[in-house]
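Let me begin by presenting the structure, written as structure tokens, before commenting on it.
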There are 2 protein chains.
Amino acid sequence: MIKKAKARRKAPPAPRKRRAAGHGGRGLSRERIAAVAMALVDRDGLAQFSTRRLGEELGCEAMSIYHHFPSKAHLMDALVDLMLAEAQVAMEPQWDWSERLRRAAHGFRAMALKHPAFFPFFAVHRLNTAAGVAYIDGIIGILRDAGFSNREAAVYFRELGYYLTGAALDETAGYARGPSSAEPVPDETIATNFKHLAAAAPYFQPAHFDATFETGLEILLAGIERSNQRQD
Amino acid sequence: MIKKAKARRKAPPAPRKRRAAGHGGRGLSRERIAAVAMALVDRDGLAQFSTRRLGEELGCEAMSIYHHFPSKAHLMDALVDLMLAEAQVAMEPQWDWSERLRRAAHGFRAMALKHPAFFPFFAVHRLNTAAGVAYIDGIIGILRDAGFSNREAAVYFRELGYYLTGAALDETAGYARGPSSAEPVPDETIATNFKHLAAAAPYFQPAHFDATFETGLEILLAGIERSNQRQD
DNA sequence: GAAGTAGAACTTACACTGTAAGGTTGGAGC
DNA sequence: GCTCCAACCTTACAGTGTAAGTTCTACTTC
């Protein structure tokens, strides 16, 4: 049943691109594919990312990737887990629980800002990968160690998560960063018709991101701390 | 230069689907296209939404949509503005500023929950459509009326927005709703390896969404209120 | 060395996507 | 009867993820 596949070709076989394939060479592997994919997303953005472009970058055909990942979704999972590996939950017991939460929050934000192009994907997907559930479990563990009930831990985990996700999303896909509307409202229109926004506009610049993030985080942590004192 | 276009056809011209085209008929219009598009996204989800599917639903060819919208991005803008039209900022002066913010927050959340399939798109796009800047301007206006400086208004607008976006995103694309990982961690693994998460899992169910949202919102509003008293 | 084998990579093809370019139609205004 | 034009349709193209089938290559085992 072997078809005359070769005979069908118009051009000569084209010498296959060399790859070492040995230990540590340029051969493919889950790790290398994921790392190159992340670099590609970082560089060109999510919208440009495709298996074919990734193949080019890896020096292989697109379909070779499927030998290592059953689908693009599986590859994206690997990128999510790469992200999470960078946002390790602070497990050091020398800090009290609120300081550990603060550090975890900063780690999360740093992770997002390190991969701003990928974060919007991260944000709209459930965190039920291996590294994802481990991450969640770690944060809840901090809250439980602090003496919060399971219900309280779940609630405060969520409220912090809401804030962290929204903040990271705004800094990576929001004002002046993410995909714009097809016909953005011109600045002149804002200046004349939306005085409040125009007046506050300077404070929407990236220079104010850090301070905004910090004060909001402190409001939340203080609110959680207050409820803790009331309980005990 | 008129080609023999007709002669090229294999099948007879196919009687054109009737559309009234008159006032109020089944003819196309920006409004009808946007409304049907939103209904389609609500029903089948963002991933299934395409111009061809929309054309089917409208009873026209995909390309006819382009007579009313220059690109799909423009159409998506219209959907964003449809969403915002449902989340009107509470302008009623009978409420004090914190109550107006609370009502705006509830309006935002209700909007997201009314179109859970579309919200993830909404969340990762800049809000620089016509309705978008008007919305932002309205919220900032509330804060300015309350006596906050431009800087404070920008900061608190953002912090509230972070929370609202994150909350809505989690309720529409998070736990048990949004796109899952390709190979989700099975429940048994969570039960055995991630005790904290397993114990808190019941409180992650939708039944707790309302209460979680409310308490977090109150923490933020109280924090903002406290800073206001300190200032004045 | 030769032969066999299994894994890794490649090739082709298909059903989708958004949309550029141009063709057709029916009705309004003269 | 004529022109004009908005509205809609047709075709085609470059891009996507990926199923299915094919070929190469390194590593055994004689």
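Residue numbering restarts at 1 for every chain, and letters A, B, ... go by the order of the sequence lines. On a predicted model such as this, the values are computed, not experimentally measured, just so you know. The figures that follow rest on heavy atoms only: side chains count, while hydrogens, waters and symmetry mates do not.
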Does any N or O in the side chain of B:R109 come within less than 3.5 Å of the main-chain N or O of B:A167, such that one atom is a donor and the other an acceptor?
no
Is there side-chain contact between A:N128 and B:V185, with at least one heavy-atom pair below 4.5 Å?
no
A:Y162/B:F213 aromatic ring centres below 6.0 Å:
no
Please list, in numerical order, the residues of residues 117-131 of chain A that have a heavy atom closer than 4.0 Å to any atom of DNA chain C.
none
Note, B:L217 side chain near B:H106 side chain (heavy atom, < 4.5 Å)
yes
Measure the spacing between CG of B:L28 and CD of B:E61 and express it to the nearest 0.5 Å.
11.0 Å
Hey, could you give me the CE/OG1 distance between A:M63 and A:T51, rounded to the nearest 0.5 Å?
8.0 Å
Taking the six-membered ring for Trp, are B:F108 and B:F122 parallel (under 30°), tilted (30 to 60°) or perpendicular (over 60°)?
perpendicular
Check: B:T129/B:D77 side-chain N/O donor and acceptor closer than 3.5 Å:
no
Residues that B:E31 engages under salt bridge (Lys or Arg N to Asp or Glu O under 4.0 Å), provided they are two or more places apart
none
Please work out whether the ring planes of A:Y175 and A:F204 are parallel, tilted or perpendicular, with thresholds of 30° and 60°.
tilted
What residues 41-57 of chain A contributes to the DNA chain D interface at heavy-atom separation below 4.0 Å is A:S50, A:T51, A:R52
Between its two end axes (five pairs each) the helix from C:dG1-D:dC30 to C:dC30-D:dG1 turns, nearest 10 degrees, through 10°
Whether the B:H67 and B:S64 side chains hold a donor-acceptor pair (N or O, under 3.5 Å, no angle test) is what I'd like checked.
no
Contact check, residues 63-72 of chain B vs DNA chain C, heavy-atom distance under 4.0 Å, returns B:M63, B:Y66, B:S71, B:K72
Could you state the atom-to-atom distance from CD1 of A:I33 to C1' of C:dA8 in whole Å?
11 Å
Rounded to whole Å, how long is the line connecting atom CG of A:L28 with atom P of C:dC10?
7 Å
Does A:R30 form a side chain to side chain contact (heavy atoms under 4.5 Å, CB included) with A:I33? I'd like the steps, not just the answer.
CA-CA 5 Å; A:R30 285 179 60 93; A:I33 292 171; 5.9 Å; no
Sequence neighbours excluded, the answer for side chain to side chain contact (heavy atoms under 4.5 Å, CB included) partners of A:H115 is A:M38, A:D42, A:M83, A:E86, A:F118
To the nearest Å, give me how far apart CD (B:E61) and P (C:dA20) are.
17 Å
